[in-house]
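The analysis underlying the following values was restricted to heavy atoms, covering all of them including side chains, and did not include hydrogens, waters or symmetry mates.
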Amino acid sequence: MRSTMGLSWKWTALFSLLMAVKEHDFKKCNQAGFCKRNRDYADHAASQSSTWVSPYQAVVDSPSLNDGQLQAAILKTINANGDTVRLPVTISFLQSGVARVSIDEERRQNKDIELRHNSVARKERYNEAAKWAVVGGLEPDQKAEIVHQDGSQINVKYGPEGGFEAVIRLSPFGIDFRRDGASHIKFNERGLLNVEHWRPKIERPEGEENSEEDEGTWWDEAFGGSTDTKPRGPESVALDISFDGYEHVYGIPEHTGPLSLRETRGGDGNFVEPYRMYNADVFEYILDSPMTLYGSIPFMQAHRKDSSVGLLWLNAADTWVDIIKTKGGSNPLSLNTGAPTSTQTHWISESGILDIFVFLGPTPQDITKKYGELTGTTAMPQEFALGYHQCRWNYISDDDVKDVDRRFDKAKIPYDVIWLDIEYTDAIKYFTWDPHSFTDPFGMGKQLDSHGRKLVVIIDPHIKRVDNYPINEQLLSLDLAVHDKDGKAFEGHCWPGLSNWIDCFNPKAREWWKTLYKYDQFKGTMENTFIWNDMNEPSVFDGPETTMPRDNLHYDNWEHRDVHNLNGMTYHHSTFEALLSRKKGEFRRPFVLTRAFFSGSQRFGAMWTGDNLASWGHLQTSITMLLNQGISGFPFSGADVAGFFGDPEKDLITRWYQTAAFYPFFRAHAHIDSRRREPYLLGEPYTAIATAALRLRYSLLPSWYTTFFYANRDGSPILRPMFWTHPSEEGGLAIDDQFFLGSTGLLVKPVAEKDKYTADVWIPDDENYYEYATYNAVETQRGKHVTLDAPLDRIPMLMRGGHIISRRDTPRRSSALMRFDGYTLVIAVSKNGEAEGELYVDDGDTYEYEQGQYIYRKFSLKGDVLSSTDAEGRDTQKIKPGNWLKAMRDVHVDKITVVGAPASWNREEIEIESGGRTWSAKVDYHAAENGRAAFATVNRVRTRVGEDWSIKLA
């Protein structure tokens, strides 16, 4: 390997050492003082359940709703003398039907506290998470009204048609959120609300301890050789939240384990640790674990038959969530074992305020939509981003990249993007190129561009601390770096060695970051260059838990502990904004991949699940993880194909390509020590099978793009689990190894087990189902499994009756070369003889769709007539077309296949009408035989895809 990689190999060795230790590098709950204290608090309350009373009482001087808000104070009794701490509380009722509960601490709010260690940190509780995560949906519900109040409670009606109710109990404080009169979510039912108030540190004589509380981790806390100084003392917030009558809860990614979250207090099949959300660089992460990973979305949903609710715990600090389930409603002492199971959760965050949004559904779609209104929806991606991405650590030179590009073409394997990891730089100095190996980045980029392909290069937030490196010199001279607790630029180690970190909470840092990506600054980049943000948890190799010290200081002197889980998103956002401003007037959609994320990150690009292993278990868990990402508002997600670490067997690689053909983000990636495994190297039959999976992905790109349009429009998941599509079917609530692709009706059950050549697919309804590849009619029964043959060259994949699927069937080298190809429609006829589908198309690159430059069609089969109309009822003749829309006038629907076609459609020709013209097309009808459904194919349809048309099929 090149001598210029010497420094990198030094850190590769450290990286490998860190990989070997894994779990014990990261805290357990009993090693995190605030988590242990609150878990102990819960245990104490449970042990005193017959006498325990929460020491929090609400005081409302004059109950009134102003602009949908109820203001009050909670008094926390802190000792036997009855002394109290005042905690302002605001309960907001929003026009969307969402409720928001915020609890702060008056003394910290007023800065009436003293900090230790002469710290310059902020005295307030961190209250700016919403500034970064929330972008809408905060309009007050002016119709919310108090319908009852007395000395013990206040009842507020709100939401759609006043169907929601918040019953606010004053003493002890609690809230019961009801829908149509029934309880669904309860705050502080178990009395675990705990806001650790500020108190001065009392210097006690050596050997003397606080007789009432253990102060051992209040002021300083050591872990892994590092000591966290705590200038504000203990300040955690915690609350128990019960989902009344709900057995299944989902969300709070990113973790391995089942989609329906496990209990965390031990017992058969349960976890013993809480789910943790503290973004961290966890190498070779373990399976079936509540351990923290790279990103955090503190959004949880609960579902039961025909009912869905949810909550967003808007806190960016280290957060742990305990889950227990009880029979007999939410009362753990109930003897009614026949009553529905309830789920009780206990949320614990190290710092910040309590800021909770409550969603009362009643459907999964309602929850998804309201969450999207709050935090934003998936950025509308460029079309190329939905194609196949080829990456490894590392392609070693521009000649290597060009050779890989040529070999894909020679093997006739489609791909859209090739990626460069850290070794493309000059000694891990970002915004540079290795002068020996990447001597002609423009030539490399131009070769890729000649076939419509793109280049992605990595830019991480650690900036090498070295002389004569202008980027670092500017970072420090402009004071744009994260500071340590003493106010100096923080220094730590990552890939380049000694590094500083950009502080993207600082608006000046974000503006500076934009300048670095301009084409004339980041020389060697061009219009087909895009960006990968890795290590942005942030990863600090010599830091506590492989990240930044909690007492570091960010812009405005907020401590890192307050904003840790937001850090990756601010960096991702900054890069997104930088790509928007690379060239004046360009304004093309950015593509930026992130590893760390938080609620709202979906607005800025894609994520992937980090450093997985080349194992069957990691293939299996990738499906569940991506389903969880989708229902948690961040559906543009993927996992490294076929595992980052290790050398997978060829069967595993093949099955991984078949699975990843249905990842929203489809990228192969591998460790520097892994053997090359580009699909053309696999040998037969593996290359052919992987190529077939890739071509399937490319043929379905019109359906993928339409599905992303839905995600952008209303936040709907791209991979849809059974509970989301069929919420009335109790048998599907815990299924997490199969999914529907958007609203296409394609039901996919990837094979993710070694030596497995069948697939058991759970059928959620009584509709017709056909095998996608063969058109075989599948004998199914609602709520039962059907077994499909799944030899190594087959993906178990069904078409649900009633859907129309859009494809492009001409094989091409990249998505860009398919832009003006014709379309094929595949119609799966329902039991009632009907079908519907939609197609959304725009230029796949710019923001011109915001000015109406798009095609959005609704296809409908009713009776014997198949028609295409504008999905929004627009008069498309009145839209002034730009260059792309003009070019689309020559793009047609070329072919239509109707699966399940009745015998009455067995005719030689059919009649087509569009734009006042009528013509005929030939029909090939194939009667049902040997299990295959009857199907009819209409060739040479020649209807313009953007215009209204109808076809009489009989």
Side-chain angles (χ1 to χ4, degrees), residues 662 692 696 699-700 702-703 725-726 738-749 758-791 793-807 809 823-839 859-867 893-910 921-941 951-954:
F662 294 94
L696 173 64
S699 72
L700 288 171
S703 290
T725 59
H726 291 77
Q738 64 180 57
F739 50 83
F740 282 99
L741 171 58
S743 61
T744 62
L746 291 174
L747 178 57
V748 185
K749 172 70 179 282
T758 60
D760 297 323
V761 183
W762 184 80
I763 302 299
D765 52 37
D766 291 323
E767 191 48 84
N768 290 336
Y769 282 86
Y770 312 92
E771 288 195 70
Y772 178 81
T774 64
Y775 303 159
N776 285 345
V778 181
E779 293 186 12
T780 62
Q781 186 177 349
R782 176 179 177 175
K784 303 293 183 181
H785 286 84
V786 62
T787 300
L788 303 180
D789 288 334
D793 63 352
R794 190 178 304 171
I795 304 171
M797 184 175 170
L798 299 177
M799 296 185 291
R800 182 179 182 271
H803 294 269
I804 300 177
I805 301 162
S806 301
R807 300 191 319 212
D809 287 348
Y823 289 87
T824 294
L825 302 182
V826 179
I827 302 168
V829 178
S830 69
K831 285 189 172 181
N832 66 4
E834 297 182 351
E836 286 188 347
E838 292 184 336
L839 172 67
F859 306 120
S860 179
L861 172 65
K862 289 188 177 181
D864 294 327
V865 177
L866 174 66
S867 63
V893 174
D894 292 334
K895 177 180 174 183
I896 297 171
T897 297
V898 184
V899 182
S904 61
W905 296 357
N906 186 2
R907 52 191 300 181
E908 291 186 5
E909 291 186 343
I910 49 90
K922 292 188 178 298
V923 179
D924 292 327
Y925 185 86
H926 303 268
E929 62 176 4
N930 299 325
R932 190 199 65 205
F935 70 96
T937 298
V938 185
N939 292 298
R940 296 182 60 79
V941 177
I951 302 176
K952 190 170 176 53
L953 294 164

Practice task
Would you please test Ser806 and Leu825 for side chain to side chain contact (heavy atoms under 4.5 Å, CB included) and show each step?
Solution key: CA-CA 5 Å; Ser806 301; Leu825 302 182; 3.7 Å; yes
Practice task
Determine, stepwise, if the pair Ile763 / Leu798 fulfils side chain to side chain contact (heavy atoms under 4.5 Å, CB included).
Solution key: CA-CA 10 Å; Ile763 302 299; Leu798 299 177; 4.0 Å; yes
Would you give the length of the straight line joining atom [atom1] of [X] to atom [atom2] of [Y], rounded to the nearest 0.5 angstrom?
X      : Y      : atom1 : atom2 : value
Glu836 : Lys862 : CD    : NZ    : 6.0 Å
Leu788 : Ile795 : CG    : CD1   : 12.5 Å
Glu834 : Leu866 : CD    : CG    : 12.0 Å
Lys922 : Ile910 : NZ    : CD1   : 11.0 Å
Leu700 : Arg807 : CG    : CZ    : 7.0 Å
Phe859 : Ile896 : CZ    : CD1   : 8.5 Å

Exercise for the section: Flag yes if more than 12 heavy atoms outside Arg907 fall under 6.0 Å of its CZ atom; otherwise flag no. Expected result: yes
How far apart are the closest heavy atoms of [X] and [Y], and which atoms are they?
X      : Y      : value
Ile804 : Leu861 : CD1-N, 4.3 Å
Trp905 : Gly863 : CZ2-O, 3.7 Å
Trp762 : Leu747 : O-CD2, 4.0 Å

Practice task
Verify side chain to side chain contact (heavy atoms under 4.5 Å, CB included) between Val829 and Tyr770, making sure each step is shown before the conclusion.
Solution key: CA-CA 9 Å; Val829 178; Tyr770 312 92; 4.3 Å; yes
Problem - Side-chain donor/acceptor of His803 to backbone N/O of Ser743, under 3.5 Å - result: yes
Practice task
Measure up the Phe740 and Tyr769 rings against each other and bin them: parallel (under 30°), tilted (30 to 60°), perpendicular (over 60°).
Solution key: tilted
Practice task
Could you note down all residue pairs passing side chain to side chain donor-acceptor pair (under 3.5 Å) where residues 782-791 supplies at least one of them, sequence neighbours left out?
Solution key: Glu729-Arg782, Asp760-Thr787
Exercise for the section: Carefully, step by step, assess Arg800 and Asp765 under the rule side chain to side chain contact (heavy atoms under 4.5 Å, CB included). Expected result: CA-CA 10 Å; Arg800 182 179 182 271; Asp765 52 37; 2.7 Å; yes
